[in-house]
Amino acid sequence: MSDTVKYLLDEAHMPKFWYNVVPDLPAPPPPVLHPGTLQPVGPTDFEPLFPMALIQQEVSTERHIEIPEPVRDIYRQWRPTPLFRARRLEKALETPARIYYKYEGVSPAGSHKPNTAVAQAFYNREAGVRKIATETGAGQWGSSLAFAGALFGLEVLVFMVRVSYNQKPYRRAFMETFGARCVPSPSPETNFGRAVLARTPDSNGSLGIAISEAVEVAATHDDTKYALGSVLNHVLLHQTIIGQEARLQLEMADDYPDVVLGCTGGGSNFAGIAFPFIGERLRGGRETRILAVEPAACPSLTRGKYAYDFGDTGHMTPLTKMHTLGSTFMPPGFHAGGLRYHGMAPLVSHLRELGLIEARAPMQTACFEAGVQFARAEGIVPAPEANHAVRGAIDEAVRCREEGVSKAILFNLCGHGHFDMQAYTDYFAGKLTDQSYDEQELAMALAGLPSVPPES
Ligand SMILES: Cc1ncc(COP(=O)(O)O)c(C=O)c1O
């Protein structure tokens, strides 16, 4: 029996296409609506914010979309990423399960986010854009776009959720190293940021607020476009290189996953690892359980409402049907900044409605406990976001032990936690509290959902 630990794919075998799950779905996703007319929006409605190539990907029904050569060329700086067999963790857990993890932390920013940052920067550059505004929660996305912007000569402005900005000062320095400007959000630089600060001067910020600020800058400056690090169809599309590589690497291991897991903030790393396997199953391939793991403190998939809502707090975006906690919901300042988003990707939400994926929502200390156990066995300190996937994978492996079955478990280790050591320090000091979401605040946020007739 082989005892291989790392399954390494040759650069020459890196996938040349992104995979679009939409044509394989049994029902198309609901349309995106204009908030004023409640009619479906068309590609031109997005033009102030995104270059047309990305808008076309957003609405594409092609199964495969070619990855442009210059993007593939840059991907080769860190891709294909390794697939590990977690043999030491398996031993520590005394589980008969075969645990595999796809490690996206080897990228320049330390997570999966550059997979879409490089693609988005490329298409913006092709369209003659000079400047991009964006938001960041954990700092991973801002770092990724800063890196990609430097490669394509684009100016990058990042609104970083204030609680993360304070928790992770080195993320800002990282972005500045690539020439980007990073400001804490809410900021005095936009109308929306000023309005939030006037109401709540000590606001922690949220992804919904930071998105509004970045969208406002793009919508009011002709030379500036907006980029989003998750949620949108084209972002999820760009991440599917992860699952496609994992599929090839599992072939090298002569194995196939019984369970695939990822953590979910906006849904992109989860989609990246899961969609290629969901597609195979929908085309008549093997049954694989697909499991999304989200924080108990911001549980959009498990406790949110499936409804039309705004993607941002300032209500500047169109309406998308998704699992939402309400666009004004302010998640507590827990230590997984990338998972503090009120909504879930419309495509991931649609898959949940179709019964194609499961979801669960563990508490943050249980996730850190899993992350520490993983680090002590495998030698990699996961990002706090990734700890949710680690928790899910360990729980599955323990269940295998209890039931005496050997299953193959694949999860996305979507980033390392090297900039997140304050969170680990707080965890070791017993300072992390387990926060469930606030029922009353949520009820208020959900009461503010836009009113959309059911047939829309
Ligand atoms: C390491 C890491 N994982 C996960 C996420 C959540 O995003 P998504 O659900 O789009 O993968 C983030 C977002 O910032 C992140 O930085």
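Hydrogens, waters and symmetry mates are skipped; everything else that's a heavy atom, side chains included, is used. Just so you know, ligand 1 is whichever comes first in the structure, and atom 1 is the first atom listed for that ligand.
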- [ ] Run the ring-centre check on Tyr123 versus His234 and record whether the distance is less than 6.0 Å.
- [x]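 Between His234 and Tyr123, which both carry aromatic rings, the centre distance is not below 6.0 Å.
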- [ ] Collect the protein residues that have a non-hydrogen atom under 4.0 Å from ligand 1 and hand them over in chain and number order.
- [x]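 These residues qualify: His112, Lys113, Ala138, Gln140, Ser230, Cys263, Thr264, Gly265, Gly266, Gly267, Ser268, Asn269, Gly338, Leu339, Ala383, Glu385, Cys414.
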Open item on the list: Would Arg72 pass as a cation-pi partner of Tyr75, given that its NZ or CZ must be under 6.0 Å from the six-membered ring centre and within 45 degrees of the axis?
Closed with: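 Cation-pi check for Arg72 and Tyr75: fails.
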Open item on the list: Ser230: which residues meet the side chain to side chain donor-acceptor pair (under 3.5 Å) condition with it, sequence neighbours left out?
Closed with: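 Partners of Ser230 under the side chain to side chain donor-acceptor pair (under 3.5 Å) test: none.
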Please output the side-chain donor-acceptor pairs of residues 369-383 that fall under 3.5 Å, not counting sequence neighbours, one pair per line with the distance.
unit_1: Glu378; atom_1: OE1; unit_2: Tyr101; atom_2: OH; d: 2.8
unit_1: Glu378; atom_1: OE2; unit_2: Arg88; atom_2: N; d: 3.3
unit_1: Glu378; atom_1: OE2; unit_2: Leu89; atom_2: N; d: 3.0

Give the table of side-chain donor-acceptor pairs shorter than 3.5 Å for residues 203-211, with sequence neighbours excluded, one pair per line with atom names and distance.
unit_1: Ser203; atom_1: OG; unit_2: Gly205; atom_2: N; d: 3.0
unit_1: Ser206; atom_1: OG; unit_2: Gly208; atom_2: N; d: 3.3
unit_1: Ser206; atom_1: OG; unit_2: Ile209; atom_2: N; d: 3.2

Open item on the list: Counting C-beta onward and ignoring hydrogens, is there a side-chain heavy-atom pair between Glu104 and Arg79 closer than 4.5 Å?
Closed with: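 A side-chain contact under 4.5 Å exists here.
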